[in-house]
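Accompanying notes for the structure given below.
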Amino acid sequence: PSEFIPIAESTGVIHRIDEWVMRTVCAQLQVWDRTGVPPIRVAVNVSARWFGHTGFIESVNRALQSTGVAPHRVLLEITEGAMLRLGEDTERKMQALERTGVAVAIDDFGTGYSSMAYLKLPAVTYLKIDRSFISSLPDNTNDAAITTAMLAMAKSLGLIPIAEGIE
């Protein structure tokens with residue numbers, strides 16, 4: 001991913017890949033529903049390019065509606081960096097996702113220019129604590145303190161924490 005994603009972004013195909021992934025996830029959920037698999041939620045990583053695209057919300061809605069998948073069955077993982085790059089438009093998109101019923105996880109939390117304001121945006125339901133803080137637990141006291149603080153913050157904001165790498 002560290003090599004593929006930047007190439008896909010620089011060539012402009014990442015947003016088509018992201019749309020394909022979203023449609024494929026929804027279609028797979030539909031297949032599982034028909035075969036009797038208990039309903040689960042599937043997380044989909046969203047690139048900064050796709051999140052910033054003007055047709056992002058419409059594309060997500062189209063994938064859900066064409067398959068009949070309930071919006072709460074999809075969790076969009078968006079990095080802090082993607083939200084930061086979009087700026088003021090982030091809140092509008094989050095409000096639209098909340099109206100749709102799609103939940104959002106802030107991915108890689110704590111590794112970028114953390115803005116606590118993103119934690120209170122509509123649709124943000126999950127806080128995904130970056131693997132760099134989780135991998136050295138419980139031995140690294142600094143990572144333990146940071147992780148404990150993030151867990152306390154998530155709890156007080158009513159967010160569901162996810163420890164990246166062990167989910």
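In this chain, residues are counted from 1 in sequence order. Note that these values count all heavy atoms, side chains included, but never hydrogens, waters or copies made by symmetry. Note that the coordinates shown come from a computational prediction; the quantities given were computed from them, not determined experimentally.
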Hey, does the side chain of E77 reach the backbone of A105 with a donor-acceptor pair shorter than 3.5 angstrom?
no
Tell me whether K93 forms a cation-pi arrangement with F56, defined as NZ or CZ under 6.0 Å from the six-membered ring centre and within 45 degrees of its axis.
no
Indicate, with yes or no, if I17 and I7 share a hydrophobic cluster defined by side-chain heavy-atom contacts under 4.5 Å among Ile, Leu, Val, Met, Phe, Trp and Tyr.
no
same_hphob_cluster(V21, F4) at 4.5 Å side-chain heavy-atom cutoff:
yes
Kindly indicate whether the side chain of M94, heavy atoms from C-beta on, has any atom under 4.5 Å from the side chain of V124.
yes
Find out if a path of hydrophobic residues (ILVMFWY) with successive side-chain heavy-atom gaps under 4.5 Å connects M22 to V31.
no
For R73, enumerate each residue passing the side chain to side chain donor-acceptor pair (under 3.5 Å) test, keeping only those at least two apart in sequence or located in another chain.
D33
Please assess L127 against I160 for the test side chain to side chain contact (heavy atoms under 4.5 Å, CB included), listing each intermediate value before the final yes or no.
CA-CA 6 Å; L127 180 66; I160 301 166; over 6 Å; no
From E58 atom CD to T100 atom OG1, the distance as rounded to the nearest 0.5 Å
11.0 Å
Tell me, do Y126 and L75 make a side-chain contact under 4.5 Å, heavy atoms counted?
yes
Indicate the atoms forming the closest heavy-atom contact of A27 with T67, along with that distance.
N-CG2, 3.9 Å
Is any side-chain heavy atom of V42 closer than 4.5 Å to one of W32?
yes
Which heavy atom in A163 sits nearest to a heavy atom in I134, and how many Å separate them?
CB-CD1, 3.8 Å
According to salt bridge (Lys or Arg N to Asp or Glu O under 4.0 Å), who are the partners of D143, at least two apart in sequence or on a separate chain?
none
Any side-chain heavy atom of T90 sitting closer than 4.5 Å to one from Y118?
yes
Closest non-hydrogen atoms of G55 and H53, given as atom of the first, atom of the second and distance, are N-ND1, 2.9 Å
S59 side chain to E19 side chain, donor-acceptor N/O pair below 3.5 angstrom:
yes
Counting heavy atoms not belonging to R16, are there more than 12 under 6.0 Å from its CZ?
no
Going by distance alone, is a donor N or O of one side chain under 3.5 Å from an acceptor N or O of the other, for T79 and D107?
no
Steps toward side chain to side chain contact (heavy atoms under 4.5 Å, CB included) verdict (L151, I129):
CA-CA 9 Å; L151 290 171; I129 302 169; 3.9 Å; yes
Sequence neighbours excluded, which residues qualify as side chain to side chain donor-acceptor pair (under 3.5 Å) partners of N45?
none
To the nearest 0.5 angstrom, please state how far the CD1 atom of I146 sits from the OG1 atom of T141.
9.5 Å
Apply side chain to side chain contact (heavy atoms under 4.5 Å, CB included) to L76 and F51, showing your working.
CA-CA 10 Å; L76 299 181; F51 184 59; over 6 Å; no
How many angstroms lie between atom CD1 of I78 and atom CG of L97, to the nearest 0.5 angstrom?
6.0 Å
Side chain to side chain contact (heavy atoms under 4.5 Å, CB included) between L29 and I40, worked out:
CA-CA 8 Å; L29 284 168; I40 61 169; 4.2 Å; yes
Counting C-beta onward and ignoring hydrogens, is there a side-chain heavy-atom pair between V44 and V74 closer than 4.5 Å?
yes
Contact check, side chains of E9 and S47, non-hydrogen atoms, under 4.5 Å
yes
Does T11 use its side chain to pair, donor to acceptor, with the backbone of A8 at less than 3.5 Å?
yes
Interatomic spacing from CD in E98 to CG in L121 - rounded to 0.5 Å
10.0 Å
When rounded to the nearest 0.5 angstrom, what distance separates CZ in R41 from NE2 in H72?
7.0 Å
Measure the spacing between CZ of R62 and SG of C26 and express it to the nearest 0.5 Å.
11.5 Å
Flag the pair M153 / L119 as yes when at least one side-chain heavy-atom distance between them is below 4.5 Å, and no otherwise.
yes
Closest non-hydrogen atom pair between V46 and W50, with its separation
CG1-CE3, 3.9 Å
